[in-house]
Amino acid sequence: MRGLITILAAASFNLCHGSIVLPRDASPEVLAAEALAAPIIVAERALPNSPSGGYAPASVDCPSTRPTLREASSLSKSEVSWLEKRRNNTVAPMQAWLSRMNISGFDANSYINGIKDNATALPNIGIAVSGGGYRALMNGAGFIAASDNRTNNATNTGQIGGLLQATTYLAGLSGGGWLVGSIYTNNFSSVEDLRDGSKGSSVWQFGNSIFEGPDNDGIQVLSSADYYHDIVNEVSDKQNAGFNASITDYWGRALSYQLVNATNGGPQYTFSSIAQEPNFMNGDTPFPFLVTDERSPNTAIVSLNSTVYEINPFEMGSWDPTTYAMAPLQYIGSNFSAGSVPSNEKCIEGFDQVGYMMGTSSTLFNQFLLQINATSIPSFVRDIFTNILTGLGEDNNDIAQWEPNPFYHFNNDTNRNANSTQLTLVDGGEDGQNVPLYPLIQPQRHVDVIFAVDSSADTDLNWPNGTSLIATYQRSLNNTIQNNTAFPSIPDANTFVNLGLNTRPTFFGCNASNMTGDSPLIVYIPNAPYVFHSNVSTFDPSYDRADKIAIIENGYDVATMGNGTLDKEWPTCMACAVLSRSLMRTGTAVPAACNTCFDRYCWNGTTDSSTPGNYTPAFKIAELSAASSMGVAKMGIYVAALTAALVVMLA
Ligand SMILES: *[C@@H]1O[C@H](CO)[C@@H](O)[C@H](O)[C@H]1NC(C)=O
Ligand SMILES: *[C@@H]1O[C@H](CO)[C@@H](O)[C@H](O)[C@H]1NC(C)=O
Ligand SMILES: *[C@@H]1O[C@H](CO)[C@@H](O)[C@H](O)[C@H]1NC(C)=O
Ligand SMILES: *[C@@H]1O[C@H](CO)[C@@H](O)[C@H](O)[C@H]1NC(C)=O
Ligand SMILES: *[C@@H]1O[C@H](CO)[C@@H](O)[C@H](O)[C@H]1NC(C)=O
Ligand SMILES: *[C@@H]1O[C@H](CO)[C@@H](O)[C@H](O)[C@H]1NC(C)=O
Ligand SMILES: *[C@@H]1O[C@H](CO)[C@@H](O)[C@H](O)[C@H]1NC(C)=O
Ligand SMILES: *[C@@H]1O[C@H](CO)[C@@H](O)[C@H](O)[C@H]1NC(C)=O
Ligand SMILES: *[C@@H]1O[C@H](CO)[C@@H](O)[C@H](O)[C@H]1NC(C)=O
Ligand SMILES: *[C@@H]1O[C@H](CO)[C@@H](O)[C@H](O)[C@H]1NC(C)=O
Ligand SMILES: *[C@@H]1O[C@H](CO)[C@@H](O)[C@H](O)[C@H]1NC(C)=O
Ligand SMILES: CC(=O)N[C@H]1CO[C@H](CO)[C@@H](O)[C@@H]1O
């Protein structure tokens with residue numbers, strides 16, 4: 001409520017005094033309409049609370065307790081008190097969901113009733129949505145839609161709706177981060193609402209690529225030239241305010257028109273403002289994360305031993321024994337030194353602009369912008385990019401340059417960036433961990449089960465083959481970097497393909513007693529064709545409405561195994577996965593129905609590492625008749641883009 005009131009006050013301040021810079025291109029009519037709608041708009045989204053009123057960060061008086069960094073030795077106080085509300089709020093939805101999932105011979109209601117006052121005993125659920133561009137956004141959206149009790153028909157027999165309402169944590173990375181960021185900045189919108197969009201808004205209108213800008217029926221009524229002028233002007237504002245800009249600023253701004261349902265993609269909306277949304281504050285939504293990787297100074301390689309960062313509504317930082325620190329996200333643009341903001345410095349807010357955060361997590365996608373000469377965009381924009389790219393040099397094309405570095409002179413001995421005024425961040429999947437499990441396997445969070453939605457393009461035909469889980473497993477074996485994160489044993493990619501572990505859901509880590517540490521059970525949900533070829537290229541920038549709907553629907557089928565068509569006990573088996581660790585902790589006998597599920601879905605340690613043939617999965621149900629097939633010609637260009645991206649990555 002506090003946030004709402006602050007913003008209502010700010011909104012009226014805006015109008016009466018005009019001293020906060022307004023979004024530049026708004027016409028008087030739009031401003032008037034916004035003013036009238038302000039109370040509604042304000043209640044419905046993350047908050048437009050950047051102090052500059054636009055994209056640029058700006059200085060503010062520091063709070064009486066000046067912002068400081070902390071060592072990553074525990075959860076933040078803010079997260080701990082938020083969890084008290086959220087864990088309690090998941091009890092009723094969990095009871096309802098487990099009962100609907102119908103585990104025969106097991107009374108879910110009385111089981112949860114018996115432990116509802118003890119968060120340690122209750123199941124603690126996480127969902128992780130992988131990267132993979134728009135493919136990952138849409139396939140991930142299918143999973144979220146299926147899990148959401150607000151989705152039409154999702155609580156019917158054979159469906160899994162309500163899982164989201166029982167979930168504590170929701171992580172996204174790169175394309176999956178666009179999904180998570182878009183849901184939260186639009187007031188925890190349902191996927192159905194985002195998919196269908198709304199009149200006058202370009203949200204989730206993927207028919208026009210970000211090269212063209214939003215369709216002209218939007219509030220914006222922008223031509224492509226106006227769209228680019230706006231983006232370029234906003235980024236200039238940031239530079240004029242004294243901040244370096246990198247290609248990720250342009251990238252994040254362009255993405256925002258499709259992801260943030262506000263005029264010009266909401267240049268003044270921040271990620272930290274999610275913490276001021278009433279539904280988040282009340283513990284009515286899961287806790288969101290974005291994930292990004294650090295590139296050490298003077299290196300071009302990002303590998304499994306790179307430092308990984310999470311961005312959450314309260315903080316940004318790393319649990320790794322390198323940086324091992326958390327910074328308050330709201331003040332992340334301040335000139336921190338050795339963990340505090342020097343007394344002669346003001347505090348900075350607005351650096352954590354939502355598009356910039358989503359862009360940072362998806363910087364590999366900057367490769368998209370490098371294809372600029374193959375598009376029809378205005379020449380002045382090309383000139384700008386050419387200048388930027390020339391200035392950066394090849395190694396820096398795909399980075400977000402965070403300056404100032406909040407971790408400057410902090411943890412001097414271990415922090416690889418301790419002596420650098422810049423923090424260089426890249427796409428969260430560049431270390432190979434394309435499913436954002438990192439925040440969810442931190443031992444402090446005690447997550448029991450993670451639904452790992454994998455839309456990676458591992459195989460030649462853009463299907464996943466377990467490579468991402470293998471990476472997380474390998475990292476967990478390196479005692480120098482893993483810092484007490486345990487992970488179940490994962491077989492090699494050939495085994496994934498030979499045993500079909502990448503074509504249907506698979507559980508890893510079923511036997512908790514047979515592990516090095518306290519690891520969650522991983523429910524692997526790989527993208528596979530049920531009703532549509534959802535293996536579209538990572539670098540395809542536009543999707544017409546029919547394809548968008550079809551890919552989301554296919555993702556829904558991936559989540560529900562075709563509304564139970566492939567296995568009518570699948571919902572029961574999901575519930576068994578959710579309960580597994582809790583049953584063990586409370587010493588409760590595993591129901592026979594769950595043992596049947598575990599026999600069916602748990603990887604039992606078998607391997608077959610022989611080289612498989614081409615992986616060309618057939619439709620598990622039948623191709624949707626309504627959807628168009630993807631244009632083959634269109635894909636050609638983006639195969640070239642993918643190749644370019646790989647060249648840069650491997651360079
Ligand atoms: C937990 O949730 C229940 C049901 O929503 C509510 O009545 C109760 O006050 C909550 N308890 C705490 C400690 O928040
Ligand atoms: C979804 O779950 C929430 C939380 O339990 C509940 O308040 C809401 O009524 C449910 N909505 C539907 C449509 O079932
Ligand atoms: C809460 O549950 C845990 C795990 O079952 C158990 O060890 C602990 O004793 C319980 N605490 C209380 C207060 O009942
Ligand atoms: C609604 O759910 C039922 C049960 O899973 C399923 O048979 C039916 O096809 C679904 N309806 C639609 C329109 O998806
Ligand atoms: C977009 O914002 C408008 C105006 O606030 C709102 O009416 C609409 O429901 C929003 N659409 C989505 C998909 O969030
Ligand atoms: C383990 O991580 C450390 C530190 O990040 C790194 O130097 C080392 O090469 C890694 N070991 C292996 C076997 O990859
Ligand atoms: C990470 O490990 C690789 C070898 O596995 C090594 O080449 C690289 O230098 C290491 N990087 C850092 C930053 O430790
Ligand atoms: C685009 O074309 C211009 C002019 O031919 C060239 O200088 C520039 O390097 C090209 N940019 C890219 C990203 O290839
Ligand atoms: C880290 O090293 C720098 C430079 O030597 C020093 O100024 C700073 O105080 C050190 N930080 C801490 C926390 O000791
Ligand atoms: C940073 O500089 C300090 C002081 O010169 C030095 O002790 C420390 O090892 C350096 N840290 C790194 C990661 O290079
Ligand atoms: C799995 O994916 C990786 C990463 O793209 C690839 O190198 C490997 O060849 C693939 N293996 C199989 C069996 O698909
Ligand atoms: C649990 C654990 O081993 N935590 C370690 C993580 O890394 C920091 C920094 O090196 C150590 O202080 C912690 O003990």
Side-chain angles (χ1 to χ4, degrees), residues 7 11 30 33-48 87 100-102 111-124 141-142 145-146 149-162 179 181-206 214 218-220 256-266 269 277 279 446 448 512 518 530-531 548-549 552-554 556-557 559-571 579-588 621-622 624 626:
I7 287 308
V30 170
E34 281 188 341
L36 287 173
I40 301 161
I41 288 173
V42 155
E44 286 196 346
R45 295 193 199 118
L47 307 176
R87 295 300 302 279
R100 275 200 303 277
M101 298 308 101
N102 194 19
Y111 178 73
I112 298 292
N113 268 337
I115 55 174
K116 70 176 185 326
D117 296 325
N118 184 355
T120 313
L122 278 173
N124 191 15
N149 75 351
R150 297 171 299 177
T151 304
N152 189 26
N153 207 31
T155 53
N156 212 326
T157 314
Q159 308 272 348
I160 62 165
L179 173 67
S182 186
I183 288 173
Y184 280 86
T185 39
N186 299 315
N187 188 40
F188 206 66
S189 296
S190 71
V191 163
E192 276 184 329
D193 285 350
L194 288 165
R195 178 198 64 193
D196 296 344
S198 29
K199 208 170 159 44
S201 168
S202 51
V203 78
W204 284 37
Q205 299 303 306
F206 305 137
I219 299 173
Q220 295 85 355
S256 295
Y257 283 77
Q258 296 179 344
L259 300 177
V260 182
N261 179 22
T263 304
N264 286 5
Y269 286 72
E277 278 193 83
N279 54 8
H446 302 290
D448 289 325
D518 209 6
Y530 277 75
V531 294
K548 172 179 71 177
I549 291 173
I552 295 173
E553 181 168 341
N554 189 76
Y556 194 107
D557 282 325
T560 58
M561 295 191 79
N563 297 336
T565 308
L566 269 67
D567 177 3
K568 67 179 182 358
E569 285 163 1
W570 170 238
L579 283 166
S580 174
R581 296 287 192 262
S582 171
L583 294 174
M584 195 183 70
R585 278 196 300 273
T586 58
T588 308
I621 298 184
L624 284 173

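Whatever order the structure lists ligands and atoms in, that order sets their numbers, starting from 1.
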Novice: Nearest heavy-atom pair of W204 and L259: which atoms, and what distance?
Specialist: NE1-CD2, 4.3 Å
Novice: Check ligand 3 against T586 and write out every atom of the ligand that is under 4.0 Å from a heavy-atom position of the residue.
Specialist: 5 (O)
Novice: Hey, which atoms in ligand 5 end up nearer than 4.0 Å to a heavy atom of N261?
Specialist: 1 (C), 2 (O), 3 (C), 8 (C), 10 (C), 11 (N), 12 (C), 14 (O)
Novice: Check ligand 3 against A121 and write out every atom of the ligand that is under 4.0 Å from a heavy-atom position of the residue.
Specialist: 2 (O), 5 (O)
Novice: Does ligand 5 come near enough to S201 that some N or O of the ligand is less than 3.5 Å from an N or O of the residue?
Specialist: no
Novice: For the residue pair T565 and Y530, confirm or rule out a side-chain donor-acceptor distance under 3.5 Å.
Specialist: no
Novice: For the residue pair I112 and P123, what are the closest heavy atoms and their distance?
Specialist: CD1-CD, 4.2 Å
Novice: Considering non-hydrogen atoms only, spot the tightest contact between S256 and G265 and give its length.
Specialist: CB-O, 3.3 Å
Novice: Between G562 and I621, which heavy-atom pair has the shortest distance, and what is it?
Specialist: CA-CD1, 3.6 Å
Novice: Pairs of nitrogen or oxygen atoms closer than 3.5 Å, one from N118 and one from ligand 3: do any exist?
Specialist: yes
Novice: Would you say the side-chain atoms of Y111 and T586 include a donor-acceptor pair closer than 3.5 Å?
Specialist: yes
Novice: I'd like to know whether CG of D518 has more than 12 heavy-atom contacts from other residues, nucleotides or ligands below 6.0 angstrom.
Specialist: no
Novice: Can you tell whether the side chains of R585 and D448 come within less than 4.0 Å, N to carboxylate O?
Specialist: yes
Novice: Which atoms of ligand 4 are found less than 4.0 Å from any heavy atom of N153?
Specialist: 1 (C), 2 (O), 3 (C), 8 (C), 10 (C), 11 (N), 12 (C), 14 (O)
Novice: I need the nearest protein heavy-atom contact for atom 9 (O) of ligand 4: residue, atom name and distance, please.
Specialist: N563 ND2, 4.2 Å
Novice: Any atoms of ligand 4 less than 4.0 Å from a non-hydrogen atom of T157? List them with their elements.
Specialist: 4 (C), 5 (O)
Novice: Which atoms of ligand 5 have any heavy atom of D193 under 4.0 Å away?
Specialist: 13 (C)
Novice: Is atom 2 (O) of ligand 3 close to the protein, meaning a heavy atom under 4.0 Å from it?
Specialist: yes
Novice: Does the N or O separation between S198 and ligand 5 drop below 3.5 Å for any pair?
Specialist: yes
Novice: With heavy-atom distances below 4.0 Å as the criterion, list the atoms of ligand 5 near S189.
Specialist: 14 (O)
Novice: Given 3.5 Å as the limit, does a donor-acceptor pair link the side chain of K568 with the main chain of G158, or not?
Specialist: no
Novice: Tell me which protein heavy atom sits closest to atom 5 (O) of ligand 3, plus the residue, atom name and distance to 0.1 Å.
Specialist: R585 O, 3.5 Å
Novice: Taking R195 for the side chain and A141 for the main chain, is one N or O donor matched with an acceptor at less than 3.5 Å?
Specialist: no
Novice: Check contact between G197 and ligand 5, using heavy atoms of the residue and a distance below 4.0 angstrom.
Specialist: no
Novice: Determine whether any protein heavy atom is located less than 4.0 Å from atom 7 (O) of ligand 3.
Specialist: no
